[in-house]
Amino acid sequence: MSNVEANPQEAVCASNPDRGRFSSGLRDGVTVERCEAGVVELLEPREVPLGGPRAMTVRRALPQRARSLIGAWCFVDSFGPDDVARTGGMSVARHPHTGLATVSWLFDGAIDHLDSAGHWATVRPGEVNLMNAGRGITHSEFSSAETTTLHGLQLWYALPDAARFSEPGLESYRPETIRGEGYEAEVFLGSLLGQTSPVRTAIALTGAELRLDPHATIDLAVPEEHEHGLVQVGGAVSVHGVPVPEDAIGFVPTGHRSIRISAGADPAVALLLGGEPLNEQIVMWWNFVGRSHEEIVEWRNRYMREMGFGTEEERTSSDSPDAADASVEAARLQFGHFPPNTPAPLPAPAIPKTRLKQRG
């Protein structure tokens, strides 16, 4: 999924559990709740339309001003349940990514994925699709023709420096259902509840769907050195006794060997995300995760040039190839080739006038 905001903001990758609510007009997005287990941060979602008058709206709980990373997870969008006939469903034409991996997880409907690395796939409920953008990829996402209701989450994680120039790729996996007293779970990334996903990640991560019976409680053994976030999907759910609001994330810092998750009076559905802290400085803007302002500018201009967009200045910038190098440039497109007769690619927004800052 693309971040299609017309004026995307630089992500401030700060992690400060003592900031609490912002009260001077600039929404912080994080509330700190004290509990017997220590601290749970509640990350409040904001609505972001995907574009157009009939656009599907997503609820974005990550990044926030006061917390932009959970382990290496840097982006969490919830969408639906949406009536596709009313909203138009998912309709995101070709767009780029660098330095990250996208993770798609659906509860209802289906999405057709096409990318410049030569992959075509249909994302379906209960099956994870992980696209490693690596050094650069473009892809498109459209609701399948048979989809009437669309409901799911789109996640990104930032690739660590050692892996961010890797070759792009796509992996799919349908995990088995784990059943226990009062719960069911599917572990689609990492290890949890004795099950390990075969999907490769460049840094230790956890991703699992949890379904709890009314009033059920589960204590999950987790790595003490990992951060975790519980994404509310359906029904009342709490983490360490702290209720997680609708589409919000309950963040649990490192230092916990187990996480207690409980349902209310109705069945509950949640996604548990976790992982080893990235411990790197990143710049996150639009669909790019880099390490400097200059890197983001270069990738943005290169994408615009490869797609045939941009001003004359952008097309003739210092990083543009001269005529003698044009054939070499065409052979090594950072953002790859796409099949003919597909919708036109999305143009990139303008770079902000102020310098993008390195955070983390």
Side-chain angles (χ1 to χ4, degrees), residues 13 15 17 30 32-33 35 37-43 45 61-64 66-78 100-105 128 130 153-160 163 171 173 175 178 180 183-212 217-233 237-242 244 247-262 268-280 282 289 360:
C13 299
S15 303
V30 174
V32 177
E33 298 288 345
C35 60
V39 167
V40 172
E41 295 178 27
L42 297 177
L43 281 58
L62 197 72
Q64 299 281 357
R67 177 165 301 282
S68 292
L69 295 169
I70 299 173
W73 296 105
C74 60
F75 184 94
V76 176
D77 270 2
S78 301
L100 58 89
T102 68
V103 178
S104 302
W105 186 258
V128 67
L130 184 150
L153 283 99
Q154 180 69 27
L155 317 166
W156 299 354
Y157 81 87
L159 295 174
E171 290 189 66
Y173 170 62
I178 305 168
Y183 74 88
E184 293 183 341
E186 282 89 35
V187 180
F188 55 85
L189 288 180
S191 297
L192 192 73
L193 292 166
Q195 187 175 93
T196 297
S197 167
V199 178
R200 295 166 294 176
T201 59
I203 188 171
L205 294 174
T206 301
E209 178 182 338
L210 305 172
R211 297 183 298 278
L212 277 67
T217 293
I218 181 172
D219 290 301
L220 296 173
V222 296
E224 189 176 7
E225 66 276 13
H226 285 196
E227 299 173 330
H228 291 87
L230 187 73
V231 187
Q232 188 275 351
V233 176
V237 65
S238 64
V239 55
H240 289 314
V242 177
V244 181
D247 297 317
I249 300 175
F251 171 81
V252 179
T254 60
H256 294 263
R257 295 181 179 177
S258 68
I259 294 178
R260 172 164 289 193
I261 299 169
S262 303
V269 181
L271 224 66
L272 181 69
L273 305 176
E276 173 189 343
L278 184 63
N279 291 327
E280 293 184 22
I282 68 172
V289 173

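This is a predicted model, so every value here is computed, not measured.
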Would you say Leu205 and Ile203 make side-chain contact, with heavy atoms under 4.5 Å?
-> yes
Residues Ala208 and Leu192: closest non-hydrogen pair is CB-CD2, 3.8 Å
Smallest heavy-atom separation, Leu212 atom then Ile261 atom, equals CD2-O, 3.7 Å
Q. Side-chain contact, heavy-atom cut-off 4.5 Å: Val289 with Leu159?
A. no
Worksheet item: Is Val242 close to Val244 at the side-chain level, that is, under 4.5 Å between some pair of heavy atoms?
Response: no
Mind checking whether Leu189 and Leu130 have side chains closer than 4.5 Å, heavy atoms only?
yes
Scanning both residues in full, the closest heavy-atom pair of Val30 with Ala66 reads CG2-CB, 3.8 Å
Side-chain touch Tyr183/Leu210, heavy atoms, less than 4.5 angstrom
no
For Thr254, the side-chain contact (heavy atoms from CB on, under 4.5 Å) test, sequence neighbours excluded, returns Glu227, Pro277
The complete set of salt bridge (Lys or Arg N to Asp or Glu O under 4.0 Å) pairs with one or both residues in residues 195-209, sequence neighbours excluded, reads Glu171-Arg200, Glu209-Arg211
The reported gap from CD1 in Ile249 to CD in Gln64 (rounded to nearest 0.5 angstrom) is 7.5 Å
Distance flag, aromatic centroids of His256 and His228, threshold under 6.0 Å: no
Please tell me if the side chains of Leu62 and Val231 come closer than 4.5 Å, counting only heavy atoms from C-beta onward.
-> no
Item to complete: Taking the side chain as every heavy atom from C-beta outward, state whether Thr102 and Trp156 have any pair of such atoms under 4.5 Å apart.
Response: yes
Applying side-chain contact (heavy atoms from CB on, under 4.5 Å) to Pro175 and not counting sequence neighbours gives Trp105, Tyr173, Glu186, Phe188, Gln195
Tightest non-hydrogen contact, residues Pro160 and Ala202, listed as CG-O, 3.5 Å
Between Pro63 and Ser68, the two heavy atoms sitting closest are CB-OG, 3.5 Å
When every non-hydrogen atom of His226 is compared with those of Ala204, the smallest separation belongs to CE1-CB, 3.8 Å
Hey, are the side chains of Leu271 and Val76 touching, using non-hydrogen atoms and a 4.5 Å cut-off? no
